Amino acid sequence: MTSLPEKVSVLTALFLFLMISLIYIGNQGSKFQIVTSPGAPPLKELQVKGIDLLERAVFIERQDRLQRECQTYKRRQNALQLNVSHYTPEAIWDNKEVLDHIIVDQKHQLLYCYVPKVACTNWKRTLLYLSGSTNVTKPIDIPSDYVHRTGVFPKLSNFSEEHAAHMLKTFTTFLIVRHPFERLLSAYRNKLEQKSSSSKYFQTRIGRHIIKTYRKNPSNHSLQYGHDVTFSEFATYLGTENGPGGEYNEHWKPIHQLCAPCAIRYDIIGKYETLYDDADYLLHQLGEPTSAFPRYAHPSNTTATLGKYFGTLSVDLLRKMYSVYETDFRLFGYNLQEFLGFEID
C-alpha cells in the first residue's frame, strides 16, 4: 500500500504527465517520450501497452524524485569539495561491481540491476524461465542456489564498453529497491542469525570477526563458529568498520553503490513494498504473463520485527546506521518515521 504523501505525489505526477504528454494508448500500444527536468538525460522511448495512466505515473514520480535527489547530493558533495565522479555516467565503466550486478536479457532487451534481499532470487528465476533455457513448468521450481551461480546470466561486464553503452541507451532498464533498514535486517537474519547451512559461510567469515572484535569475554564456542552475533554487534561492525564510504558485502551494501542510479538512468524503479504490482507492470510491458513471477500469500518482510531489533540500538548507533544508508533513504523516498515511529536528527 502506498502512503498518503506518495499518493499525493503520484497524483501530481499524473496531472503534470497529462499536461505535458499528449499520448494515445490503445490495445496495440504506442510510443512516447517522457518530458524530464531541464538538464536531465532524455528517457528512451518505451512501448506502453494499454496500461492505466495512474500506474505509469507512479514510476514517473519515482524517477523524478531520484533525479532531484541525485542533483541535491552532487551539489552537497561539491560544496564540501568531495569527489562526485563516481556519480557520472562515464565512471561506471571503471566500476566492475556495478557492471557485474546488471543482468542482460537480450530476448526482451532488458537490463536488470539485481539487489540482494530485494526479491532478486525470484526475479532471476523469472528471467531464466522466460528465456526458455530451463525445462521447468513454473519459475519457483528453479533452485535458488542455481540462479545465483556464476555464468548463469550474461552481465553487462561481459560486453565491450561500446556494446554495453548501446544497450544502456536502447534496452529497458529496471531496478527494485527496498527500505534500507528492512533490507539490512533481512540480510542479518538470513546470513548471521539463522542456523542453516547457507548461513555458515557468513557466520564463519564475518560472524567470527564481529564476535572477536566487538564482544567482551566471548566464549570459545562463539569464537569458533560465529553463529550467535547479536544485531547490536552487527550494527556496530557496520557503523565502525565500513562507514558511509567503506566496503560492504553485497547483501548489505547500499543500493546506490551496487547499481549507480545517479549515473545510470533506470526506466522502471520498482519497490519491494509494491512488489507484485510492479512485477505485473513490467511483465505486461514485456508482453509476458504476470504469472511468470512467483507469488506467495505475502512477500517475505521484516517490517513487523523492525522495532524489536532496532530497539536494541542506542540513538548514537542508529545515527551511524542512518548515515551509512542516508543516500538510499533520500534517493528512493524512505524514512524512519513509518517504521521506527521517530526520525533521527
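As the structure is a computational prediction, the values presented were derived from the model and not from experiment.
- For residues 146-193, no residue pair satisfies the disulfide bond (SG atoms under 2.5 Å apart) rule, not counting sequence neighbours.
- The disulfide bond (SG atoms under 2.5 Å apart) search around C113 returns C259, not counting sequence neighbours.
- Salt bridge absent: D228 and K195 never bring a charged side-chain N and a carboxylate O closer than 4.0 Å.
- A centroid separation of less than 6.0 Å is found between the aromatic rings of F231 and F310.
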Q: Verify side-chain hydrogen bond (donor to acceptor under 3.5 Å, both in side chains) between T230 and S232, making sure each step is shown before the conclusion.
A: CA-CA 5 Å; T230 67; S232 179; 5.0 Å; no
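- In this view, F329 and H179, F181, Y322 satisfy the ring-ring contact (aromatic ring centres under 6.0 Å, His included) rule, not counting sequence neighbours.
- K107 is linked by a salt bridge (Lys or Arg N to Asp or Glu O under 4.0 Å) to nothing, counting only residues two or more places apart in sequence or in another chain.
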Q: Give the intermediate values and the outcome of side-chain hydrogen bond (donor to acceptor under 3.5 Å, both in side chains) for residues D100 and S157.
A: CA-CA 5 Å; D100 279 344; S157 58; 2.4 Å; yes
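- For the side-chain contact (heavy atoms from CB on, under 4.5 Å) test, residues two or more places apart in sequence or in another chain that qualify with T121 are R125, S144, V147, H148.
- Without hydrogens or angle criteria, S186 side chain to R183 main chain gives no donor-acceptor distance under 3.5 Å.
- Geometrically, K138 does not engage Y129 in a cation-pi contact defined by less than 6.0 Å to the ring centre and at most 45° from the axis.
- F234 meets the ring-ring contact (aromatic ring centres under 6.0 Å, His included) test with Y188, W252; sequence neighbours excluded.
- Ion pair E273/R178 not flagged as a salt bridge, since none of the NZ, NE, NH1 or NH2 atoms sits closer than 4.0 Å to an Asp/Glu carboxylate oxygen.
- Side-chain polar atoms of E193 and Y309 form a donor-acceptor pair below 3.5 angstrom.
- For E69, there are no salt bridge (Lys or Arg N to Asp or Glu O under 4.0 Å) partners at least two apart in sequence or on another chain.
- Contact record, L156 with L111: CD1-CD2, 4.2 Å, taken as the closest heavy-atom pair.
- Sorted by first then second residue, the disulfide bond (SG atoms under 2.5 Å apart) pairs that include residues 122-184, not counting sequence neighbours, number zero.
- Within the structure, disulfide bond (SG atoms under 2.5 Å apart) pairs that include any residue of residues 160-205 do not occur (at least two apart or interchain).
- Using a 4.0 Å cut-off between a side-chain N of Lys or Arg and a carboxylate O of Asp or Glu, R330 and E326 qualify as a salt bridge.
- Residue pairs satisfying the ring-ring contact (aromatic ring centres under 6.0 Å, His included) criterion with at least one member in residues 193-214, sequence neighbours excluded, are listed as follows: F202-H251.
- Pairs of residues two or more places apart, or lying in two chains, never qualify as disulfide bond (SG atoms under 2.5 Å apart) while including a residue from residues 114-224.
- Side-chain atoms of R189 never come within 3.5 Å of backbone atoms of A187 as a donor-acceptor pair (strictly under, hydrogens ignored).
- Scored by the side-chain contact (heavy atoms from CB on, under 4.5 Å) test, T137 finds D141 as partners (sequence neighbours excluded).
- Ring pair H227/Y225 is perpendicular by interplanar angle, where above 60° counts as perpendicular and below 30° as parallel.
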